[in-house]
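Down below is the structure, laid out as structure tokens.
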Amino acid sequence: MAGGGAGVAKRVGTLLSGLLECGAFCGVIFGWASLVFVLKDLGYFEGLCQHSPTPAPNHTLLSDCSLQDEQFSLVFTIGSFMNNFMTFPMGFIFDRFGTAVARLIAISLYTGGTLLVAFSTPELAVLLFPAMSMLSVGGILLILTNMQVGNLFGKYRSLIITLYNGAFDSSSAVFLIIKVLYERRGLSLRAMFLFMAACSAWHLLRTLFLMPRTRIPYPLPPDYDYGLRCPGRSRSYRTYEEKRPPGEAGPEEAPLEPSAPRDAPAPPLPFAACVRSGLFAWHVLWLSAMQLRHYLFIGTLNPLLDHLARGDTHLVSVYTNAFAFTQLCGVLCAPWNGLILDRHKRGRTPRPDGALGTLADLRSSVLSLAVTVTQCLLFSVCAAVPVLPVQFATFVLQVLSRSFLYGGNAAFLAIAFPLQHFGKLYGLAMALSALVALLQYPCVALVRGPLGGDPFYVNLGLIAVVLVAYVSPVVVARECRRRAKELEAAGTPLAAPPGAEPPTEPPH
């Protein structure tokens, strides 16, 4: 860490404010099950329900609201798809134009989405489609700009990346808070979403004072500072850039690890070579398989609980609240993955530089990848059990698996590939996984149609899909062995950035 520039108080302020931002705003769409409960009570898409003239045993009319549930599921499917797919172009914007431009776009989208929900009505329920998409894209872009904050804290870098992703998961509880305030305090949906829109002023202030204009480099250069400068403060990032000798590479172009000596520079791996590598391809499959399982569970949770509770609205509300409360624990679960990823940095022996350090980072990710798949497998097995009390265990395993999944995804891409491609690779991985996630809608149609509402066989198929994700940690382990043999044959460690194999030999 730099001795001058941004002080400890400023760095800690950036960390904590980013944690609040991720935990209160970025991933709210994943609390969709709680918001659906409110929207149903307000009569959104109620015209799609078909009332039966035959009374139920409790003297109420039976209603077939499967089309209403399907419409809500479609809103979530499109929103979650946009959450991932639009990360790719946003990643390009972040890499090309920097943090300030990316965050201004994110704030605009987020504000627009909250205003659309605020002014929607049961007659204008169609506004939910663009609203959820804008909330999704704005939220994922906010967390993308926040993950670089880990660069300020050296050996705790992966821990902070996973912590932020855990906060992203916990932000789904915001819709639970909206549900509780609606039920118990009588607050209107419009008032609550107008308040969320007003919070954009805080995002803007944080962009100006606690975030860089471009990106936070890693490792930090001497006297690195960021944000608007106070009058009379001379040490800043702009001053550092102005004093840099002509022709010298600036810290924004610095690789993920310390660069090679000036007389023997190691060329960074091109973006195209990263994308074509087997390491990236199998990682995308790892992400896609488990994300599909999670999205399908979240998008169909409300009708699933309604089916298992046999239409008991109070019981559905209790289980919906329980699910939302477990989402709050995402911020507590995710750092454990960071501890797994950073475990080799906490010993008495300092982390080696160059290719040996890169190899140590990559080796640490193997256990993280395998543990994440195991958690998702256990979650999938519990989700397949059609017993209502078992769903409490499903909720716990789901939040544990999901917090490991997204934090591990971001940390792995930061470890395995050059920093200058992080935004593009993160966006591309999310975009490709979004295409796979579109399968959730035909899965829902399959359950409601040919399978007669029984999701058992779809759940079995998803368990098989999750098992395929075990290939990714195996591929990474083989890549580690290959690199170790190359280093042993070379006799001396190669000081190259992560993933920066010679362009002629990208990761297999």
Side-chain angles (χ1 to χ4, degrees), residues 27-37 69-70 72-81 83-84 132 136 168-173 175-176 286-309 316 319-330 333 372-406 433-434 436-448 451 453-467 469:
V28 293
I29 188 175
F30 296 105
W32 180 243
S34 297
L35 186 63
V36 165
F37 195 91
D69 289 333
E70 192 170 336
F72 281 124
S73 178
L74 182 59
V75 173
F76 177 78
T77 299
I78 294 175
S80 59
F81 170 78
N83 176 79
N84 289 355
M132 290 301 116
S136 294
F168 177 88
D169 294 338
S170 296
S171 66
S172 58
F175 281 172
L176 168 66
W286 174 88
L287 174 65
S288 302
M290 291 185 282
Q291 183 172 259
L292 175 62
R293 170 68 272 190
H294 283 282
Y295 278 11
L296 189 60
F297 181 75
I298 295 172
T300 61
L301 178 62
N302 194 267
L304 172 67
L305 293 178
D306 191 62
H307 171 71
L308 295 178
V316 172
Y319 273 82
T320 301
N321 289 349
F323 172 73
F325 275 119
T326 59
Q327 302 306 297
L328 284 170
C329 299
C333 300
T372 304
V373 181
T374 303
Q375 291 170 343
C376 190
L377 180 62
L378 293 174
F379 152 60
S380 301
V381 171
C382 285
V385 179
V387 178
L388 192 59
V390 174
Q391 301 314 306
F392 285 121
T394 305
F395 297 161
V396 173
L397 289 168
Q398 189 271 341
V399 71
L400 185 63
S401 170
R402 189 163 171 266
S403 62
F404 268 59
L405 175 64
Y406 290 109
S433 66
V436 177
L438 287 176
L439 292 174
Q440 63 181 302
Y441 193 68
C443 285
V444 171
L446 180 64
V447 171
R448 297 189 190 284
L451 296 180
D454 185 2
F456 180 74
Y457 292 105
V458 170
N459 286 329
L460 285 183
L462 289 170
I463 291 174
V465 169
V466 170
L467 285 171

- Task: Please lay out, stage by stage, how Phe297 and Phe379 fare under the test ring-ring contact (aromatic ring centres under 6.0 Å, His included).
- Result: CA-CA 10 Å; Phe297 181 75; Phe379 152 60; 5.2 Å; yes

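We find the CG-CG distance between Leu462 and Leu467 to be 11.0 Å, quoted to the nearest 0.5 Å. Here the OG-CZ distance, from Ser172 to Phe323, works out to 6.5 Å after rounding to the nearest 0.5 Å. Within the model, atoms CZ of Phe81 and OG of Ser136 stand 11.5 Å from one another, a figure rounded to the nearest 0.5 Å. Taken to the nearest 0.5 Å, the CG atom of Leu438 stands 11.0 Å off from the SG atom of Cys443. Atom CZ of Arg402 is separated from atom OG1 of Thr326 by 10.5 Å, given to the nearest 0.5 angstrom. Note: Leu439 CG to Leu446 CG = 11.5 Å, rounded to the nearest 0.5 Å.
Scanning all heavy atoms of the two residues, the minimum distance from Ser380 to Val466 falls at OG-CG2, 3.8 Å. Nearest heavy-atom pair, Leu328 versus Ala173, reported as atom, atom and distance to 0.1 Å: CD2-CB, 3.3 Å. Scanning both residues, Val396 and Val399, for their nearest heavy atoms gives O-CG1, 3.2 Å. For Asp306 against Val316, the heavy-atom pair with the smallest separation is CA-CG2, 3.7 Å. Residues Gln375 and Ser401 come closest through the heavy atom pair OE1-CA, 3.7 Å. Here the closest non-hydrogen pair linking Cys382 and Val390 is O-CG1, 3.9 Å.
The side chain to side chain contact (heavy atoms under 4.5 Å, CB included) test with Leu296 singles out one residue from Val458, Leu301, Asn459, and that residue is Val458.
Between Tyr319 and Phe392, the distance separating the two ring centers is shorter than 6.0 angstrom. Aromatic pair Phe175/Phe30: centroids not less than 6.0 angstrom apart.
Inter-residue side-chain proximity for Met290 and Thr372 is flagged as met; some heavy-atom pair is nearer than 4.5 Å. Side-chain contact between Phe76 and Val36: absent, with no pair of heavy atoms (C-beta onward) separated by less than 4.5 Å. Within the 4.5 Å cutoff, the side chain of Ile78 has no heavy atoms near those of the Met132 side chain. The closest side-chain heavy-atom distance from Asn83 to Tyr295 is below 4.5 Å. Side-chain contact check for Gln291 versus Val436: every heavy-atom pair is 4.5 Å or farther apart. For the pair Leu292 and Gln440, the minimum side-chain heavy-atom distance is below 4.5 Å.
Without hydrogens or angle criteria, Asp169 side chain to Ser403 main chain gives a donor-acceptor distance under 3.5 Å. At distances below 3.5 Å, at least one donor-acceptor pair connects side-chain atoms of Trp32 with backbone N or O atoms of Phe72. Side-chain atoms of Thr77 come within 3.5 Å of backbone atoms of Ser73 as a donor-acceptor pair (strictly under, hydrogens ignored).
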